[in-house]
*Asks:* 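Structure in structure tokens, see below.
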Amino acid sequence: MSDQLSIKEVRYQSMVLIKSWPDSAQKTDAILAAFLGIDALPVVGDFISQNDIYFAVISPGHFMMFSNNELLCSEISKLFSADIASVVDISHSRCGISLNGKNSDNLLNKGIAINLTDDDLPGMSVLQSSIHSIGIIMFKLQHDDYLIFSYSSFFDSFYAWVIDSAEEYGYALT
Amino acid sequence: MIIKCPHCGPREASEYTYIGDASIQRPDHNDTDMEKWSDYVFMRENPRGAHMEHWQHTSGCRSFVKVLRDTVTHEISDVTLEGPWQAEDKS
Amino acid sequence: MSGNRLKNKGLLIDQNKPLEFTFDGKSYSGFEGDTLASAMIANGEMMMARSFKYHRPRGVYSAGPEEPNALVSLRSDGRLEPNCTAPTVELYDGLDAHSQNAWPSLSFDVMAINQLFSPLLVAGFYYKTFMGTGQKFWHFCEHFIRRAAGMGKASLDADPDRYEKANIFADIVIIGSGPAGLAAAKAAAPSGAKILLVDESAQFGGSLPEEQGNIDGYDANEWAADTLKTLSEIDNVTMMSRTTVYGYFDDNTLGAVEKVADHKAVPENFEPRQRHLKIFAKRVIIAAGSIERPLVFDGNDTPGVMLANAALRYANRYGACVGQNVALFTNNDDGYTTAHQLKALGVNVTTMIDAREKINHGLCKDSSINYITGHVVTSANGGKSLSSIKVAPYDADTKSIGPQNTINVDALLVTGGYTPTINLCSQTGTPAIFNDEIQSFIPGRANRPWLAAGAIMGSFDLKASLEDGISAANESLEALGLPPSNMTALKVNGQNPVAIPFALTVIPSSNKSAKKFVDFQHDVSVNDLNIAHTEGFRSVEHLKRYTTLGMAADQGKTSNMNALAIMAELRGISIPEAGTTRFRAPYKPVALGTLAGRDIGNHFSAVRRTPMHNWHMDHGAEMIEAGIWYRPRVYKKSDETLTDAYIREATAVRNSVGIVDVTSLGKIDIQGPDAAEFLNRIYANAFLKVAVGKARYGVMLREDGYMFDDGTSWRLSETQFLMTTTTANAAPVLSQMERLLTLNWPDLKVHVSSVSDQWAGMAVAGPKSRDTLNKIITDVDFSEDGLPFMGVTDGSIGDMPVKVARLSFSGERAYEVYTPTHFGTAVWKEIMKAGEAFDITPYGTEALGTLRIEKGHISGPELDGRTSMADVGLGKMASSKKQYVGSSLKERSGLIDQSRQTMVGLISHDHKPLKAGSHVLNGTENIGHVTSTTYSPALEKFIALALIKQGHTQIGNTLSATFPLKNERNSVLVVEPHFYDKEGERLYV
Amino acid sequence: MSRYSAFSLIKNALSGHKNWKRTWRAAEPKPHYDVIIVGGGGHGLATAYYLAKEHGIRNVAVLEKGGLGSGNIGRNTTIVRSNYILPANTRFYEHSMKLWEGLSNDLNYNMMFSQRGVINLAHTPGQMDAFARRGNAILLEGVDAELLDTEEISRRVPGLYTGQNTRFPIVGGLCQPRGGTARHDAVAWGYARGADKYGVDIIEHCEVTGFIKDGDTVTGVKTTRGDISAPKVAISVAGNTSTVMKLASIDKMPIESHVLQAFVTEPLKPLINTVVTFGAGHLYISQSDKGGLVFGGDLDGYNSYAQRGNLPIFEHVAAAAVTMFPNLARLKLLRNWGGIMDMSMDGSPIICTGPLPGMYLNAGWCYGGFKATPAAGWCFAHTIANDAPHALNADFTLDRFYNGRQLDERGAGPYPAHQ
């Protein structure tokens with residue numbers, strides 16, 4: 001990881017929520033595992049990233065995927081009938097930043113009261129929380145390397161908070 | 001105060017929205033007894049001590065938890081998930 | 001009084017790095033490492049302040065944050081900081097300090113006249129006078145009282161410095177780095193647990209520098225330095241000096257302040273002045289030590305009287321000598337050690353006064369000191385600086401004194417024993433326990449995951465403190481499931497004797513108008529305690545409130561124990577029976593800026609912007625808050641007033657076509673087999689049979705039957721709806737729906753998700769709205785059959801997908817065009833281009849208000865949480881064939897009472913504008929208020945909506961709308977609230 | 001009982017203040033009284049005073065479980081105002097205001113009631129309209145109100161930021177000139193002394209542990225200092241209402257007890273000369289006569305009897321204070337404490353006979369307990385003496401929730417945690 005704190009805006013072409021019910025959980029898991037080409041889904045709080053598709057398990061029966069493949073949402077919604085799972089296209093509702101390098105943890109801990117050290121939050125973990133009362137979803141790829149999304153309408157406020165928090169450490173906009 | 005969300009782990013109470021007394025029973029949807037509805041909407045035990053209450057993890061996974069908390073010491077002795085899903089035991 | 005600098009003494013100062021500073025404009029010099037207090041003492045300046053009520057001269061009394069007397073103001077303009085304790089102000093070059101609460105100057109303070117009136121200005125005097133006949137006399141007196149009271153002056157300029165915040169996590173937090181704290185850290189570190197060691201002062205080590213004994217063969221100070229070096233090399237140990245834990249909150253959450261740049265003239269670039277730490281600790285070890293206790297005798301506040309250990313620290317750490325001819329008055333053995341250490345450092349201690357008759361004479365080992373036992377100091381004299389003391393024999397049984405004789409001294413050091421600093425322990429709610437030996441309260445057994453160790457537990461000797469620290473570390477490690485440390489007990493010898501105090505409450509004196517201070521900072525004397533007792537304020541709570549003892553900035557750090565002892569004696573009960581009050585956060589005052597961090601000014605709270613925000617700003621929009629969104633209010637042309645602008649915009653919609661940004665409305669995706677059933681249960685009107693591709697306006701009630709929210713829900717498929725809510729209620733509506741689904745109706749298979757940020761929304765309204773959209777949305781049939789009223793369909797503009805819903809808030813033919821957020825501005829521009837032929841006009845919330853008021857549609861002002869559906873004319877919409885949220889309580893007698901206020905329209909008779917917030921009078925009776933007002937281009941009159949008693953019975957009457965705040969009055973005609981196009985023909989123009 | 005005055009101060013000063021009388025007698029409980037008042041806070045003591053003064057009922061005992069005035073009377077931000085919006089509340093609080101204006105002389109105890117004005121700040125046109133509605137409503141009730149523009153506000157409140165470069169710029173405000181602050185301890189001790197003067201027994205460290213009943217009728221109380229009987233037992237225990245009512249086997253009340261924190265800074269020379277409230281951050285601030293800035297904000301937002309709160313409110317209140325007054329950043333918070341607010345389900349109080357025969361209830365005071373003290377005592381005394389409410393508290397019934405006559409001052413619905 002570079003020792004320079006760096007901040008970059010990121011946007012993914014498609015982002016989708018999948019929500020099942022307890023009685024359709026098995027079926028939904030199986031369909032998703034098949035689509036992703038894996039034999040079992042990650043546990044709650046984990047995510048995987050393979051051939052440009054990120055797949056995260058937010059809570060039981062509540063999944064989130066994002067990718068630069070524009071057709072992801074339509075492909076996914078074809079997989080599920082209404083009584084098995086709901087598919088919600090949220091491709092435009094989130095804007096994100098990639099935050100990595102030295103002091104990323106310290107910057108985030110100015111706004112989040114969650115232990116971000118590796119033994120409390122290992123790499124490939126996902127969590128939802130709020131910074132400066134702005135709802136965010138955070139993907140920790142590895143130590144000091146994060147993807148963080150806020151709701152689009154909040155993004156200006158969120159981005160301003162991140163930059164202001166980075167001043168003390170010095171940062172690069174990549 | 002810190003509430004241990006079954007899915008997200010320990011989080012500050014400011015990430016949650018306090019719903020309130022969990023011991024009150026909402027009348028059946030089709031019940032039209034105004035007295036029963038008034039009891040449900042307005043009347044509370046409001047104990048000084050152990051209190052069973054609902055919180056929603058609004059900034060986190062948005063699930064609802066039932067919390068047993070002492071209203072004098074704020075000590076939380078039990079947190080269980082509400083709703084149809086059971087938390088995976090992340091051992 | 002002539003203090004001076006002891007040659008090459010002072011562990012902390014660097015005598016070849018001089019620093020210049022000013023006090024009250026006079027310039028002095030000190031050294032790097034000095035504090036303001038140590039530098040002033042070294043310059044022979046003891047008097048630094050005037051007391052709170054009597055404006056008595058006051059000097060430095062202690063060497064730490066417990067300082068009750070020497071409060072000064074630092075810096076100037078936006079950085080002016082009043083009430084700073086001089087002993088904790090680290091000197092820097094160019095420091096500018098000044099005295100407080102004195103006018104015209106420190107040495108000549110007019111208000112010192114209060115001392116003449118001191119017999120009147122006793123505890124509670126202000127309750128007994130200043131009453132006069134009415135309120136005027138108190139208001140007159142209060143003006144002067146407020147000027148005399150208060151200590152420092154606050155600046156009116158904004159503070160330019162930055163403040164930061166951090167959340168920190170640790171397995172074991174150790175508060176205090178004296179013998180117990182360092183021993184605990186050293187014992188716990190090897191376990192690999194994450195240790196955080198914090199200390200409020202700039203240096204670690206606590207009382208160790210003055211400790212005589214040696215540890216494992218090292219001199220105490222060397223042991224401290226060596227331990228600190230070892231700890232700094234262990235990466236699971238973090239050490240933070242200048243960091244004060246001020247608050248102990250629930251679940252072992254600690255509030256702390258790190259003074260990052262207070263020891264510099266100004267912070268460096270982007271460096272915060274202070275950082276607020278929220279520390280999440282699994283275990284806490286509180287090794288906060290203790291504070292030396294004053295003795296209570298006449299004139300004990302005279303500049304030159306000081307705590308003994310403080311004088312020793314000034315000599316040992318800063319080479320600052322408090323006086324040329326020094327006496328020490330003690331009630332315990334530790335006083336002797338201090339005296340001999342001072343002599344060794346070159347301070348001329350001439351006299352020792354010990355209240356105890358029988359002492360171990362081995363203590364009196366310096367022939368140059370005159371040891372007087374069985375005596376007490378009965379008074380300290382000298383006004384602005386100590387010149388002499390009176391000493392007299394003391395009979396402990398009868399508590400009486402013999403004949404007094406005077407000794408000329410220029411410094412009197414006092415030690416009444418030590419009081420454990422139990423503030424943080426007490427904040428956790430654990431009751432304190434009285435330790436008879438040390439005549440003070442110590443922490444009780446912890447009810448939470450913390451332990452106290454060292455002097456705070458009353459173990460004042462070095463060996464006990466070190467052992468306390470190690471056992472606290474082991475107990476904490478065990479609680480964390482880690483192996484105990486293999487650190488064996490440390491060998492200690494030659495340690496200072498333990499300070500076991502001889503009980504001495506009030507020292508008698510022959511002076512009838514003696515001034516014996518218990519709480520220096522609030523000028524509370526023994527006399528005040530007597531008065532409180534006489535008047536019945538005897539419980540510790542009443543005593544504190546009546547005399548204001550312990551309520552000053554030092555929160556009774558040096559006064560509480562003496563006060564409790566005196567009070568117990570007055571009541572003839574023991575101190576533990578009298579009890580103590582519970583300490584509150586903060587342990588030490590905390591700057592508001594530090595608690596606020598960067599969430600101030602523009603960043604006080606987040607802002608939500610629509611995707612078309614920049615377009616609006618570029619086109620002269622004046623923005624306004626809606627919830628936490630910013631929305632255009634009007635698009636003012638250069639010469640237009642607000643009213644001109646909104647009339648132009650509203651007229652354009654009525655005559656041709658306008659476009660308004662509606663993105664801020666809440667949008668919720670509702671999916672699942674039971675979606676329709678779910679909506680049917682939460683809306684008051686029927687929703688089961690809404691056709692796919694159709695929208696329906698729905699009203700939601702609160703559980704208690706009053707109106708909660710309204711909006712349209714669009715059925716996108718058999719099992720999917722898109723619900724819109726008002727801007728303000730988006731979050732509460734979503735939360736209520738999730739609660740109902742999870743807690744009350746788990747049998748319904750429905751998912752709800754916020755999609756407010758997925759869609760940009762814009763309403764295109766006006767007779768030319770169809771012609772405008774027809775041009776660019778070519779894949780939608782805009783005919784009556786293709787897209788009927790309340791119809792919803794998908795289409796596209798170029799390759800940008802849109803949803804088109806034929807809804808109307810304005811009453812005109814209108815369409816709401818939704819497109820994914822990032823296409824928002826592009827779609828908006830396409831529509832503007834397409835509408836050019838019809839002079840399409842962007843309009844804001846004002847014009848939107850005009851249009852919806854003309855149609856009698858309700859909005860925020862009518863939905864004030866106290867209105868029922870019937871009140872606003874929507875009673876008939878509520879279904880009678882099903883139950884829904886609020887349906888039962890809606891029928892309570894109060895909600896269906898005929899005398900309720902209902903919504904009507906008002907037309908202003910004499911073309912004068914109506915004001916929102918006016919009240920409607922029927923004769924002289926106030927029968928309701930005006931909710932929304934506007935000029936109506938359609939009617940060319942000023943109109944309004946209002947909620948008035950039995951509104952429907954007033955239709956056709958002329959009433960008056962008054963605005964007493966500006967004593968204006970309009971006569972108004974009451975009409976149906978639907979002013980324009982009642983039959984709704986405009987929808988199909 | 002000696003009258004307090006400057007003269008009495010001088011007279012006693014000459015004799016070293018030895019012969020002041022006790023402010024109230026340390027009475028021993030008698031087995032029977034005409035009226036028992038449970039709760040020795042501001043309301044309980046005021047009720048006893050007015051029972052004696054207005055209705056001649058002096059055989060009264062005030063039972064306090066701790067020390068007198070150790071509850072909410074000593075834990076509030078001392079603000080007095082009557083600019084409420086609902087007529088029932090406006091009339092009640094205005095009656096309180098009128099009592100406040102004569103209270104120091106009436107009790108011969110300086111309340112330090114300082115009518116320095118209360119200014120509510122508005123940040124949007126919508127808020128200004130709401131203030132106009134409230135201001136006009138109270139003017140029509142004969143209560144004072146003024147609309148202020150931003151310049152007038154910045155003239156009256158030096159240091160307040162009135163520019164545009166902030167999240168919630170100030171667009172104007174509503175002022176009640178007769179509003180202000182009072183010394184909270186003086187209210188408790190003043191009423192105690194007044195009641196004591198009429199012969200009322202004030203009995204501290206006497207906790208009610210049960211009720212004595214004849215069938216459903218309450219005829220007395222069991223206490224830690226013995227049984228005491230009385231035909232009329234009045235409950236005025238603020239945040240502990242639910243706990244005490246359970247002793248009378250009334251298990252549910254339309255009340256949730258919440259912690260409301262208050263804060264004070266170090267003492268300063270005069271800085272803020274009026275009471276100011278910040279609409280956007282729900283903060284209220286004023287300066288005490290000793291010089292400390294006294295301020296408070298929202299509830300913590302969960303049921304609590306802890307009389308202390310948590311950090312998020314510290315941080316939010318400080319952020320609002322520094323946003324309002326950027327010059328406060330360097331001033332230091334000295335002390336924090338918390339009261340137990342008996343939050344009713346509509347934000348308005350309960351003063352009524354019942355719910356059991358022989359019992360009378362005064363509760364549900366939410367944020368308004370301190371400013372209501374005089375009128376609450378006056379109305380409760382009237383209700384007890386006449387077995388029927390006065391017109392001023394006729395609407396403050398317990399059963400209003402059942403018959404849809406809530407007095408929803410804030411229009412927030414039955415959700416105390418979010419009021």
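Predicted model, so just to flag it, every value in this text is computed and none were measured. Every chain is numbered from 1, with letters handed out A, B, ... down the list of sequences.
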*Asks:* Identify which part of C:V607 has an atom lying under 4.5 Å from any heavy atom of chain D, answering side chain, backbone, both or neither.
*Replies:* both

*Asks:* Going from CZ on C:R892 to OG on C:S868, what distance comes out if it is rounded to the nearest 0.5 angstrom?
*Replies:* 11.0 Å

*Asks:* What part of C:R79 gets closer than 4.5 Å to chain D, counting heavy atoms only: side chain, backbone, both or neither?
*Replies:* both

*Asks:* Counting heavy-atom pairs closer than 4.5 Å to chain C, which one of D:L311, D:L139, D:N336 comes out on top?
*Replies:* D:L311

*Asks:* Pick from D:L271, D:L331, D:D129, D:T124: which one has the most heavy-atom pairs with chain C under 4.5 Å?
*Replies:* D:L331

*Asks:* Side chain, backbone, both or neither: which part of D:A130 has an atom under 4.5 Å from a heavy atom of chain C?
*Replies:* neither

*Asks:* Under 30°, 30 to 60°, or over 60°: which ring-plane class applies to C:F604 and D:F278, parallel, tilted or perpendicular?
*Replies:* perpendicular

*Asks:* Would you say the side chain of C:Y126 lies within less than 4.5 Å of the side chain of D:D289, judging by non-hydrogen atoms?
*Replies:* no

*Asks:* Strictly by modelled atom types, are C:D161 and C:Y163 linked by a side-chain donor-acceptor pair under 3.5 Å?
*Replies:* no

*Asks:* Pairing donors with acceptors under 3.5 angstrom, does anything connect the side chains of D:N136 and C:H919?
*Replies:* no

*Asks:* Give, as side chain, backbone, both or neither, the part of D:Y402 having an atom under 4.5 angstrom from any heavy atom of chain C.
*Replies:* backbone

*Asks:* With a 4.5 angstrom heavy-atom cut-off, could you sort out which part of C:L889 is near chain D: side chain, backbone, both or neither?
*Replies:* neither

*Asks:* With only heavy atoms counted, which part of C:L80 is less than 4.5 Å from chain D, the side chain, the backbone, both or neither?
*Replies:* backbone

*Asks:* So which part of C:T548 gets closer than 4.5 Å to some heavy atom of chain D, the side chain, the backbone, both or neither?
*Replies:* side chain

*Asks:* When only pairs under 4.5 Å are counted, which of D:W337, D:F7, D:Y161, D:F168 shares the most heavy-atom pairs with chain C?
*Replies:* D:F168

*Asks:* Tell me whether the guanidinium CZ or amine NZ of D:R183 lies under 6.0 angstrom from the six-membered ring centre of D:F113 and within 45° of its axis.
*Replies:* no

*Asks:* Between C:H522 and C:F52, what is the ring plane arrangement, given parallel below 30°, perpendicular above 60°, and tilted in between?
*Replies:* tilted

*Asks:* Between chain D and each of C:N83, C:I600, C:V930, C:T867, count heavy-atom pairs under 4.5 Å; write down the option with the most.
*Replies:* C:N83

*Asks:* Got a second to check how far C:L701's CG is from C:M707's CE, nearest 0.5 Å?
*Replies:* 7.0 Å

*Asks:* Would you mind telling me which of C:G152, C:S539, C:G132 has the largest number of heavy-atom pairs within less than 4.5 Å of chain D?
*Replies:* C:G152

*Asks:* Keeping the roles fixed (side chain from C:Q427, backbone from C:Y248), state whether a donor-acceptor pair exists under 3.5 Å.
*Replies:* yes

*Asks:* Using heavy-atom distances under 4.5 Å, tell me whether D:Q261 contacts chain C through its side chain, its backbone, both, or neither.
*Replies:* neither

*Asks:* Less than 4.5 Å to any heavy atom of chain C: does that hold for the side chain of D:L14, its backbone, both, or neither?
*Replies:* neither

*Asks:* Can any side-chain N or O of D:N310 pair as donor or acceptor with the backbone N or O of C:D250 at less than 3.5 Å?
*Replies:* yes

*Asks:* Give, as side chain, backbone, both or neither, the part of D:N108 having an atom under 4.5 angstrom from any heavy atom of chain C.
*Replies:* both

*Asks:* At a 4.5 Å cut-off on heavy atoms, which part of C:K165 comes close to chain D: side chain, backbone, both, or neither?
*Replies:* side chain

*Asks:* Looking at C:S893 and D:N403, would you say the former's side chain and the latter's main chain have a donor-acceptor pair under 3.5 Å?
*Replies:* yes

*Asks:* Under 4.5 Å heavy-atom distance to chain D, tell me which part of C:F708 shows up: side chain, backbone, both or neither.
*Replies:* neither

*Asks:* Specify which of C:S605, C:P861, C:G247 makes the most heavy-atom pairs with chain D at under 4.5 Å.
*Replies:* C:S605

*Asks:* Looking only at heavy atoms and a cut-off of under 4.5 Å, which of D:A318, D:G338, D:G281 has the most pairs with chain C?
*Replies:* D:A318

*Asks:* Given a strict heavy-atom distance threshold of 4.5 Å, which part of D:E141 is in contact with chain C: side chain, backbone, both, or neither?
*Replies:* neither

*Asks:* If you count heavy-atom pairs under 4.5 Å with chain D, which of C:R538, C:R273, C:E541, C:E703 comes out on top?
*Replies:* C:R273

*Asks:* Side chain, backbone, both or neither: which part of D:L407 has a non-hydrogen atom closer than 4.5 Å to chain C?
*Replies:* neither

*Asks:* Starting from the C-alpha separation in whole Å, work towards a yes-or-no answer on side chain to side chain contact (heavy atoms under 4.5 Å, CB included) for D:M345 and D:F401.
*Replies:* CA-CA 8 Å; D:M345 282 297 182; D:F401 301 98; 3.7 Å; yes

*Asks:* Counting only non-hydrogen atoms closer than 4.5 Å, does C:A606 touch chain D with its backbone (N, CA, C, O), its side chain (CB onward), both, or neither?
*Replies:* backbone

*Asks:* For C:H276, is it the side chain, the backbone, both or neither that has a heavy atom under 4.5 Å from a heavy atom of chain D?
*Replies:* side chain

*Asks:* So for C:D897, is it side chain, backbone, both, or neither that comes closer than 4.5 Å to the heavy atoms of chain D?
*Replies:* side chain

*Asks:* Looking at chain C, which one of D:I10, D:L160, D:I138, D:N165 has the largest number of heavy-atom pairs inside 4.5 Å, strictly under?
*Replies:* D:N165

*Asks:* Identify which part of D:D346 has an atom lying under 4.5 Å from any heavy atom of chain C, answering side chain, backbone, both or neither.
*Replies:* neither

*Asks:* Return yes if a side-chain donor-acceptor contact under 3.5 Å exists between D:K269 and C:N101, otherwise no.
*Replies:* yes

*Asks:* Please identify, among C:E625, C:K153, C:Q100, the residue contributing the most non-hydrogen atom pairs under 4.5 Å to chain D.
*Replies:* C:E625

*Asks:* Return the orientation label for the C:F249 and C:Y246 ring planes: parallel under 30°, perpendicular over 60°, tilted otherwise.
*Replies:* perpendicular

*Asks:* If you measure only the distance, is there a donor-acceptor pair under 3.5 Å linking the side chains of D:R3 and D:S5?
*Replies:* no

*Asks:* Tell me which of these, C:K53, C:K966, C:K278, has more heavy-atom pairs under 4.5 Å with chain D than the rest.
*Replies:* C:K278

*Asks:* So D:L293 and D:V264, side chain to side chain contact (heavy atoms under 4.5 Å, CB included) or not? Walk me through it.
*Replies:* CA-CA 5 Å; D:L293 300 181; D:V264 70; over 6 Å; no

*Asks:* Side chains of C:H929 and D:R133 only: does a donor on one sit below 3.5 Å from an acceptor on the other?
*Replies:* yes

*Asks:* Can you see whether D:Q115 engages C:W138 through a side-chain donor-acceptor pair at a distance of less than 3.5 angstrom?
*Replies:* no

*Asks:* Check the side chains of D:Q406 and D:R400 for a donor-acceptor pair under 3.5 angstrom, ignoring hydrogens and angles.
*Replies:* no

*Asks:* Contact part of C:T133 toward chain D, heavy-atom cut-off under 4.5 Å: side chain, backbone, both or neither?
*Replies:* backbone

*Asks:* With a 4.5 angstrom heavy-atom cut-off, could you sort out which part of D:M112 is near chain C: side chain, backbone, both or neither?
*Replies:* both

*Asks:* Who wins among D:P267, D:A412, D:G291, D:P326 for the most heavy-atom pairs under 4.5 Å with chain C?
*Replies:* D:P267

*Asks:* With a 4.5 angstrom heavy-atom cut-off, could you sort out which part of C:A148 is near chain D: side chain, backbone, both or neither?
*Replies:* backbone

*Asks:* Measuring heavy-atom distances to chain D, does C:D864 have an atom under 4.5 Å in its side chain, in its backbone, in both, or in neither?
*Replies:* both

